[in-house]
Amino acid sequence: MTTSLRTAARSLRRAVLAAAVATAAALPLLLPTPARASTTDVQLYVWATGVNVRDCPGVSAACPPIQGAQIGKRWVTAFCQRQSTEVVDGPYRNNWWVQVNAGGPIGWISAVYVRGGDNDQPVPGLSTGAFCR
C-alpha cells in the first residue's frame, strides 16, 4: 500500500470513529426517555386519620372528596402544592393544598394534615410550580 493510501485510510478511520462518537453522544437526546418520577416528588407524612382526598385543591361543592379515598397516618408521595381554601383543624390552619398519591387515586389534601411547615405556609421542600400530575 502506498503512503498516500495509508494516510487516506487513517483519515477515513478517524472520521468514522468521530462520527460514531458524535452519534453515540447525541442518541440519548433524540430518543424518547422512559417515564420517571419527577425530581420534585417528595415523601411526606400525613399525621391525621380520615383525611379526605379530593379531585382538586380546595373545599367546595365543585370539588367533593373522591369516593372512598381517605388516608391517614402514613407516608405519601407528593408532587406539588397550590393555594386554595383555608382548612382549620384545632390550632392548625393552612391554605396550601398538596397533590399526593397514597396508593389510590392521585388527589389533593390540605397541607394542615402534612407533617412539617407552619400555618398558612407551603410545605418546605415541595414544589409550588405549575407541574402537577
Side-chain angles (χ1 to χ4, degrees):
M1 202 186 284
T2 66
T3 304
S4 62
L5 283 176
R6 279 190 213 126
T7 303
R10 259 188 255 131
S11 294
L12 182 59
R13 279 192 298 259
R14 286 184 186 141
V16 168
L17 180 61
V21 169
T23 301
L27 198 56
L29 302 173
L30 301 173
L31 295 176
T33 56
R36 291 186 279 195
S38 168
T39 57
T40 60
D41 295 359
V42 175
Q43 294 296 306
L44 298 175
Y45 187 75
V46 177
W47 59 265
T49 58
V51 177
N52 287 320
V53 179
R54 298 175 178 272
D55 276 325
C56 51
V59 176
S60 71
C63 190
I66 297 172
Q67 185 75 24
Q70 287 188 335
I71 56 174
K73 296 201 179 208
R74 64 180 295 181
W75 289 93
V76 297
T77 301
F79 306 113
C80 67
Q81 57 189 330
R82 293 191 178 143
Q83 286 184 294
S84 187
T85 54
E86 184 173 67
V87 171
V88 178
D89 191 338
Y92 307 111
R93 68 180 191 285
N94 210 314
N95 60 352
W96 285 90
W97 288 75
V98 179
Q99 189 182 46
V100 300
N101 182 348
I106 292 175
W108 295 85
I109 63 171
S110 171
V112 161
Y113 303 113
V114 174
R115 182 186 292 163
D118 293 319
N119 285 337
D120 290 327
Q121 296 296 314
V123 176
L126 184 58
S127 170
T128 58
F131 178 75
C132 291
R133 300 254 195 281

**OP:** May I have the step-by-step check of side-chain contact (heavy atoms from CB on, under 4.5 Å) for I106 and V100, ending in yes or no?
**Re:** CA-CA 6 Å; I106 292 175; V100 300; over 6 Å; no

**OP:** Apply side-chain contact (heavy atoms from CB on, under 4.5 Å) to the pair I109 and V46, showing each step before the final yes or no.
**Re:** CA-CA 9 Å; I109 63 171; V46 177; 3.7 Å; yes

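A heavy-atom distance below 4.5 Å is found between the side chains of V123 and L44.
Among residues two or more places apart in sequence or in another chain, the side-chain hydrogen bond (donor to acceptor under 3.5 Å, both in side chains) test is passed with Q67 by none. P65 is linked by a side-chain contact (heavy atoms from CB on, under 4.5 Å) to N52, R54, counting only residues two or more places apart in sequence or in another chain. C132 pairs by the side-chain contact (heavy atoms from CB on, under 4.5 Å) definition with C80, R82, Q99, W108, not counting sequence neighbours. T77 meets the side-chain hydrogen bond (donor to acceptor under 3.5 Å, both in side chains) test with Q43; sequence neighbours excluded. For W47, the ring pair (Phe, Tyr, Trp, His ring centres under 6.0 Å) criterion is met by Y92, Y113, not counting sequence neighbours. The side-chain contact (heavy atoms from CB on, under 4.5 Å) test applied to T85 returns V59, W97, not counting sequence neighbours. For V88, the side-chain contact (heavy atoms from CB on, under 4.5 Å) partners are E86, R93, not counting sequence neighbours.
Residue T128 comes nearest to P122 through the heavy atom pair CG2-CB, 4.1 Å, listed as atom of the first residue, atom of the second, then distance. Smallest separation of non-hydrogen atoms from A78 and V98: CB-CG1, 3.7 Å. What you find for N94 and V112 is that their closest heavy atoms are N-CG2, 3.3 Å. In this structure, C63 and G58 approach most closely via the heavy-atom pair SG-O, 3.8 Å. When all heavy atoms are compared, the tightest approach of P105 to V53 is O-CG1, 4.3 Å.
Applying the ring pair (Phe, Tyr, Trp, His ring centres under 6.0 Å) test to pairs two or more places apart or on separate chains, those with a residue in residues 54-76 are Y45-W75.
Atoms CZ and OG1, on R74 and T49 in that order, are 13.5 Å from each other to the nearest 0.5 Å.
A distance-only check finds a donor-acceptor pair linking the side chain of S84 to the backbone of P57 [under 3.5 Å].
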